[in-house]
Protein chains: 2
Amino acid sequence: MYERKIPLNLNCGLDLIGEVLYGKWKIRLLWFINEGHKRPSELQRKISDASRRVLNMQLKELEQHELITKVIYAVVPPKVEYSLTDFGKTLIPIIAALGQWGDDNETRLRSLILKENV
Amino acid sequence: MYERKIPLNLNCGLDLIGEVLYGKWKIRLLWFINEGHKRPSELQRKISDASRRVLNMQLKELEQHELITKVIYAVVPPKVEYSLTDFGKTLIPIIAALGQWGDDNETRLRSLILKENV
DNA sequence: CTGTATCCTACGAGATACTG
DNA sequence: CAGTATCTCGTAGGATACAG
């Protein structure tokens, strides 16, 4: 993907998961795929701030990390679908917990974050 | 902190928590502080790859987000201690889950990650 | 509907050196 | 021991345009 010039150190589980989830949209991609939005165009619509290029890049990384699989249908027009692997599914509860925490503290977080961006 | 030129959008809980945890060392900082390593020099030793400057920046953000508090003791030599707020403590179970997942899949992750950095 | 190639910029983060 | 200032750079990710 990229040639790292900064060495990566993988001491603990936190480092490892950090490596796999690193990327602005990865968590959301996993989440939406889990919800059943499997096609690139759907994902793009859901995450409209990201460009197709970046989405594809991060999807490819998720694939390499064996969290999702990609199926290409030989039809016209082209059709592609992503799915979570069993391995990827084990991440869903954790992502759910993250989202839950954010939802639970929405008001507080919103004001804290906005306060800092004056 | 910085003047954002890229707009931030906070649609869901996932966005919100992402904003708060964004920063290369934040999760680890929270983790180590929770473990009882409260002083800057200790944290620096634990996270020896990060420079003091970056550590301080991220600690300050965590403070602004009310996840930690900072106590400065008026002694010589200077002494500073960070602690989790009650709010910050609510994140610990989630961070623990993240680390656990990483530990559980250590071998697999390690090979996946290394494979990609050839 | 897909994907990739090119170009470009914001910004997170490192290094160093200095003050209290 | 603690903190901040300055300078610098790598790179993730945005924009656009084209190709299967």
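In what follows, chains carry the letters A, B, and so on, assigned in the order in which the sequence lines appear, proteins first and then strands, with residues in each chain numbered from 1.
- Phosphate contact (OP1/OP2 of D/dA2, side-chain N/O of B/R39, threshold under 4.0 Å): present.
- Across all strands shown, A/P77 has heavy atoms under 4.0 Å from sugar-phosphate atoms exclusively, and none from any base.
- Among the atoms of the strands shown, only primed sugar atoms or phosphate atoms (P, OP1, OP2) are found under 4.0 Å from some heavy atom of B/Q58.
- Using a 4.0 Å cut-off, no side-chain N or O of B/K70 falls inside it from OP1 or OP2 of D/dA2.
- Separating the CD atom in A/E63 from the OG1 atom in A/T85 is a distance of 10.5 Å, to the nearest 0.5 Å.
- One can place CG of B/L55 at 10 Å from P of D/dG3, the figure rounded to the nearest angstrom.
- Here C/dG3 presents its C1' atom at 18 Å from OH of A/Y73, a figure rounded to the nearest Å.
- What separates OH of B/Y82 from P of D/dA2 is a distance of 9 Å, to the nearest Å.
- The aromatic ring centres of B/W101 and A/F87 sit less than 6.0 Å apart.
- Minimum atom distance to the side chain of A/N56 is reached by C/dG3, of the listed D/dT4, C/dG14, C/dG3.
- No hydrogens or angles were tested; on distance alone, nothing pairs the side chain of A/R53 with the base of C/dG3 as donor and acceptor under 3.5 Å.
- Listed pair B/K60 / D/dT4 meets the phosphate criterion, a side-chain N or O lying under 4.0 Å from OP1 or OP2.
- In this structure, CD1 of A/I47 is placed 15 Å from C1' of D/dG14, rounded to the nearest angstrom.
- When the P atom of C/dC7 is taken as reference, atom CE of A/M57 falls 17 Å away, rounded to whole Å.
- Contact annotation for B/P40: backbone-only contact, meaning every heavy-atom pair under 4.0 Å involves sugar-phosphate atoms and none involves a base.
- Nucleotide D/dT4 holds its P atom 14 Å from the CD atom of B/Q44, rounded to whole Å.
- Comparing A/S51 and A/P78, the nucleotide of DNA chain D nearest to each residue sits closer to the 5' end for A/S51.
- At whole-Å resolution of the value, CD in A/E42 and P in C/dT2 are 9 Å apart.
- Atom NZ of B/K24 is separated from atom P of C/dC11 by 18 Å (rounded to the nearest Å).
- The line from CG of A/L91 to NE2 of A/H65 is 12.0 Å long, rounded to the nearest 0.5 Å.
- The existence of a salt bridge linking B/E66 and A/R108 is confirmed by a sub-4.0 Å separation between a basic side-chain nitrogen and an acidic carboxylate oxygen.
- Taken from OH in B/Y82 to CD in B/E42, the straight-line distance is 12.5 Å, to the nearest 0.5 Å.
- In this model, the phosphate group of C/dT2 is approached by a side-chain N or O of A/S41 to a distance below 4.0 Å at OP1 or OP2.
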